[in-house]
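One is the number of the first residue; the rest follow in order along the sequence. The figures here come from the full heavy-atom set of this structure, side chains too, leaving out hydrogens, waters and symmetry mates.
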Amino acid sequence: MIKKLAVYLREYRLPAILAPITIIGEVIMEILIPMLMAQIINIGLPAGDIGYVVKTGGLMVLLALLSLAFGALSGRFASVAGAGFAKNLRNALFGKVQDFSFANIDKFSTASLITRLTTDVTGVQNTLQMMLRIMFRAPVMLISAAFMATRINGRLALVFAVAGPIIIAGAVLVMTQAFPRFQAMLKKYDLLNASIQENLTAIRVVKAFVRTDHETEKFRKAADDVRRAQIRAEKVMVFAMPCMQLVMNGCMIAVCWFGGLMIIGEEMLAGDLMSFFTYVSQVLSSIMMIAMISVSLVMSRASASRIIEVLEERPDVADPAAPLTEVEDGSVVFDHVNFSYAKDPNNLILEDVVLNIKAGETIGIIGGTGSAKTTLVQLIPRLYDVLSGSVLVGGHDVREYSMEALRDSVAMVLQKNVLFSGSIKENLRWGKEDATDEELIAVCKTADAHDFISSFPNGYDTDLGQGGVNLSGGQKQRLCIARALLKDPKILILDDSTSAVDTATDSRIRAGFATRFGHVTTFIIAQRIASVQEADRILVMDDGKVSDIGTHEELLARSEIYREVYESQRKGAEE
């Protein structure tokens with residue numbers, strides 16, 4: 001696990017190396033100070049040699065200042081290395097997520113990915129910073145202080161033989177009990193983030209249905225679940241740490257008792273006992289530090305395993321070894337396509353779909369809810385891969401193209417209109433980064449968006465806010481259509497993308513398509529027959545299968561499903 005994450009520290013190897021080196025310098029200074037203190041008590045004070053006391057005391061001050069400097073440098077180097085490591089790890093995770101297909105994202109869930117990119121990475125970062133300092137400080141301090149203490153009085157140093165195993169046993173107990181508890185706690189964090197994300201995304205619906213109290217209670221329950229999981233995980237620490245501290249205090253009492261008897265029996269000097277106290281404290285605190293870092297490693301292991309799970313996830317949609325980089329035309333062929341989200345041939349969403357669509361054709365798609373209309377068109381830009389069969393674009397299987405080339409040739413306006421923080425102009429240029437103002441105006445006129453944009457005081461420079469909060473649903477849809485048209489794609493997919501506009505506006509948009517984008521293969525998913533009846537052909541979907549395909553007149557004559565939809569809508573319009 002450490003090896004897999006260590007690669008993200010390479011860029012910051014120098015501070016990662018300097019942090020333990022400077023911390024060792026700090027330890028050496030701290031080890032020398034008690035020895036000088038013993039010399040003052042044993043030599044300087046009995047002899048009344050003020051010069052010796054001042055000289056030795058001055059050396060102690062110098063060593064203390066050096067220790068402070070080394071400690072500060074170590075802290076800085078560890079912080080730089082830790083922050084850089086976290087930056088690289090987050091970039092790697094985010095880049096990995098960008099390569100995920102929809103199926104990969106569905107597997108982890110958005111809330112879980114957010115937790116892994118934030119809470120989990122922060123936990124691993126903090127552990128790394130501790131490792132760069134404590135993992136080197138504690139062992140060096142333990143060995144050095146134990147050596148100095150044994151050098152002063154070997155018999156008195158036997159107290160370590162009693163205390164050490166007890167503290168180590170406590171650390172092992174904590175390590176074995178803590179990991180599953182912290183892992184469960186992080187899963188509760190995922191659920192909490194999911195609740196927050198869902199509530200913020202749907203805040204207008206919550207307020208419209210006066211469900212604030214319900215959502216507040218739901219969040220309170222999720223937060224309480226996290227609290228209980230945290231308490232359960234921390235209980236191990238709450239019990240173990242005081243026990244270890246009790247052992248340490250017991251050791252100090254034992255040293256005080258037996259050391260005092262040795263001084264009375266003139267077997268030990270007072271200065272040696274004072275320095276021995278310091279070395280005992282350093283040894284025991286080092287053991288405590290090792291126990292603490294062991295617990296931190298266990299805690300971060302849960303986070304690290306979740307991070308590695310994302311990093312090692314193989315995107316189920318990837319570029320081939322020698323990909324095609326250009327799409328010749330907008331022709332689309334579905335050759336006996338079967339598809340399942342679960343990749344289960346016994347649970348098909350699309351079944352044996354056979355279609356042959358010429359470049360430049362306009363294809364309307366009609367079908368009931370759950371008939372897999374959206375799933376069908378998502379296979380064209382390879383947002384999902386087929387289970388069996390093949391989808392061909394421009395005469396080649398979509399799996400033969402690089403995803404960048406394929407998706408650059410396909411523009412898609414999804415059911416959910418997504419706009420980003422920034423101006424209208426910045427949002428439109430997602431379709432083409434170097435688009436001129438004239439090109440923006442042209443596509444907005446085609447999408448019937450130019451007039452309402454011009455009505456804003458700042459026009460195309462109007463700031464949309466997060467998600468386009470100051471626009472109506474129909475305005476958002478028209479901007480998304482304009483953004484897609486700006487790509488000048490070979491294939492345009494409109495997934496129920498005019499549902500929020502009135503019939504007259506819908507008609508103007510379709511007329512604009514026919515005038516300026518007649519060469520583009522267009523798929524129009526719609527609930528209204530009026531939106532697709534002028535298409536070259538209309539595809540009728542029913543329960544994941546192609547029920548029929550033909551012109552408006554042909555389908556009226558032979559498709560019962562199409563005819564029922566048409567008559568129900570016409571009757572509704574007449575009424």
Kindly check if the number of other-residue, nucleotide or ligand heavy atoms within 6.0 Å of [atom1] ([X]) is above 12?
X    : atom1 : value
D543 : CG    : no
R76  : CZ    : no
E404 : CD    : no

For the pair [X] (side chain) and [Y] (backbone), establish whether a donor and an acceptor sit closer than 3.5 Å, ignoring hydrogens and angles.
X    : Y    : value
T521 : G360 : yes
E361 : K358 : yes
R537 : T551 : no
Q475 : S472 : yes
D352 : H336 : no

Between the side chains of [X] and [Y], does any donor sit under 3.5 Å from an acceptor?
X    : Y    : value
D461 : S423 : no
D542 : S371 : no
E313 : N104 : yes
T122 : R90  : yes
S112 : R116 : yes
Y341 : T375 : yes

ask   = Any idea how H552 and Y562 line up, ring-wise: parallel (<30°), tilted (30 to 60°), or perpendicular (>60°)?
value =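 Ring orientation, 0 to 90° scale: perpendicular.
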Any salt bridge linking [X] with [Y]? Criterion: basic side-chain nitrogen under 4.0 Å from a carboxylate oxygen.
X    : Y    : result
E215 : K218 : yes
R399 : D385 : no
D224 : R227 : yes
E426 : R429 : no

query = Considering all heavy atoms of both residues, which atom of P381 and which atom of V410 are nearest to each other, and what is their separation?
reply =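 Closest pair (atom of P381, atom of V410, distance): CB-CG1, 4.1 Å.
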task = Determine the sole option in K96, K4, R306 for which the salt bridge (Lys or Arg N to Asp or Glu O under 4.0 Å) test with E312 is passed.
result =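 The salt bridge (Lys or Arg N to Asp or Glu O under 4.0 Å) with E312 is passed solely by K4 among K96, K4, R306.
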task = Could you walk me through whether R228 and K188 pass side chain to side chain contact (heavy atoms under 4.5 Å, CB included), step by step?
result = CA-CA 10 Å; R228 284 198 296 269; K188 295 297 183 183; over 6 Å; no
query = Passes side-chain hydrogen bond (donor to acceptor under 3.5 Å, both in side chains), S303 versus D120? Steps please.
reply = CA-CA 5 Å; S303 293; D120 289 337; 3.1 Å; yes
query = Would a 4.5 Å heavy-atom cut-off, applied to side chains only, mark V546 and M541 as touching?
reply =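 In short, these two side chains touch, coming nearer than 4.5 Å.
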request  = Could you walk me through whether F85 and Y12 pass the ring pair (Phe, Tyr, Trp, His ring centres under 6.0 Å) test, one step at a time?
outcome  = CA-CA 7 Å; F85 167 78; Y12 297 90; 9.4 Å; no
